[in-house]
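Take a look at the structure set out below.
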Amino acid sequence: MPKYAEFQTFREQNLITEADGDMLHREARALALRRIEESARTEEDFREVIRWWDKLDANRERKERDHEKGRSVIPLEWNADELYLSNRPSYDMILRRLVLAGDFLDFIFDHPKTLHELVTNADLSKILKELKLHLKNMLYCLFLHDYSAAEYAESIGQSDRNIRGIRETALKKIRKLYGGALAYRKENGLPMTLDEKYFLNNGVRKKKDSRQPDR
């Protein structure tokens, strides 16, 4: 239904008259609908009320869809190259799909310097933000873009043994700082998830239940 098209019908049926004066469109629509509802007496009259509500609901839903994020019926893999159509999931594939769907936040922060913006946990975000840049670069490549230690070592001219050592040192530091943040929350009665409590008590993430199927 074109915008405000129903008002011509309302006027023709004397549901909106000159006596109603200058009204906003939404006020005039509400008045006309109220008059239709109040005048309904027969089954056919009530069918007419329902027909009007269905028509206006369809118009409202169309307007809402116009404001929704997304690419309509265009497939997310449209114009993607073979890298993004492989059977192996990757961070690059996820980023590409998010961008094609109109969600740009992860793409904007897809950089070692803004690694902390890619996590939702406030404590972890603060810890990552305060890491030295060379550690952010390493974590970004190893854990987001799935580089092997050997691949990352070759890209920066170091040995993979050295990179594995730096990785373990960095992870130990993050675990220690995160454990301290969780201990502070526990001591001060702040809320914690079950996984956070498990990590505080065991120093590792909660292990996956082997009985649950892979997703």
Side-chain angles (χ1 to χ4, degrees), residues 1-80 84-85 89-111 114 116-126 129 182 185-186 188-198 206 208-209 211-215:
M1 181 190 296
K3 192 174 184 181
Y4 307 135
E6 68 270 15
F7 288 99
Q8 181 60 34
T9 304
F10 288 156
R11 291 190 180 95
E12 290 173 355
Q13 297 178 3
N14 292 321
L15 295 168
I16 298 175
T17 66
E18 296 296 329
D20 294 320
D22 250 347
M23 303 178 69
L24 294 175
H25 283 98
R26 63 174 178 272
E27 293 173 343
R29 181 191 291 113
L31 175 62
L33 288 174
R34 187 166 68 250
R35 286 172 173 168
I36 293 173
E37 292 168 348
E38 290 174 349
S39 64
R41 295 291 183 273
T42 66
E43 184 176 340
E44 185 59 34
D45 291 339
F46 283 105
R47 284 202 188 98
E48 179 70 4
V49 172
I50 293 171
R51 187 181 68 82
W52 270 111
W53 278 114
D54 287 344
K55 185 181 294 188
L56 293 175
D57 276 348
N59 196 36
R60 174 186 54 77
E61 289 172 358
R62 177 190 57 77
K63 287 194 258 185
E64 288 175 355
R65 285 195 300 271
D66 288 343
H67 291 281
E68 285 176 356
K69 224 171 33 170
R71 295 178 61 85
S72 184
V73 296
I74 299 176
L76 290 182
E77 66 271 17
W78 186 264
N79 284 336
Y84 303 108
L85 297 178
S90 70
Y91 182 65
D92 288 329
M93 182 191 297
I94 293 169
L95 275 184
R96 177 66 177 245
R97 288 182 173 177
L98 287 172
V99 170
L100 290 175
D103 187 348
F104 299 100
L105 279 180
D106 282 0
F107 181 76
I108 291 171
F109 293 118
D110 179 36
H111 192 276
T114 51
H116 60 283
E117 297 286 358
L118 298 174
V119 298
T120 56
N121 183 286
D123 294 321
L124 280 176
S125 181
K126 184 175 184 295
K129 185 177 182 180
L182 293 178
R185 288 167 62 181
K186 181 179 180 180
N188 289 272
L190 299 174
M192 295 171 60
T193 66
L194 292 176
D195 284 348
E196 288 170 341
K197 292 176 181 178
Y198 186 93
K206 189 173 183 180
K208 182 180 178 181
D209 189 345
R211 294 171 298 178
Q212 293 180 351
D214 294 334
R215 293 183 179 182

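A 4.5 Å side-chain heavy-atom check between Arg51 and Asp54 finds every atom pair outside the cut-off.
Of the possible polar contacts, none joining the Asn188 side chain to the Leu190 backbone as a donor-acceptor pair under 3.5 Å is found. The backbone N or O of Phe107 lies less than 3.5 Å from no partner atom in the side chain of Asp110, so there is not a single donor-acceptor pair. The closest donor-acceptor contact from the side chain of Ser125 to the backbone of His116 lies under 3.5 Å.
Every side chain to side chain donor-acceptor pair (under 3.5 Å) that Glu37 has, sequence neighbours left out, goes to Trp53. Annotation: side chain to side chain donor-acceptor pair (under 3.5 Å) contacts of Arg47 (sequence neighbours excluded): Glu43, Glu44. Residues satisfying the side chain to side chain donor-acceptor pair (under 3.5 Å) test with Lys126, not counting sequence neighbours, are Glu130.
Contact between Leu124 and Val119 at its shortest, heavy atoms only, is C-CG2, 4.3 Å. Residues Thr114 and Phe109 approach most closely at OG1-O, 2.8 Å, considering heavy atoms. Scanning both residues, Glu196 and Pro191, for their nearest heavy atoms gives OE1-O, 4.4 Å. Residue Asp45 comes nearest to Ala40 through the heavy atom pair CB-CA, 3.6 Å, listed as atom of the first residue, atom of the second, then distance.
Expressed to the nearest 0.5 Å, how far CG of Leu182 lies from NZ of Lys197 amounts to 11.5 Å.
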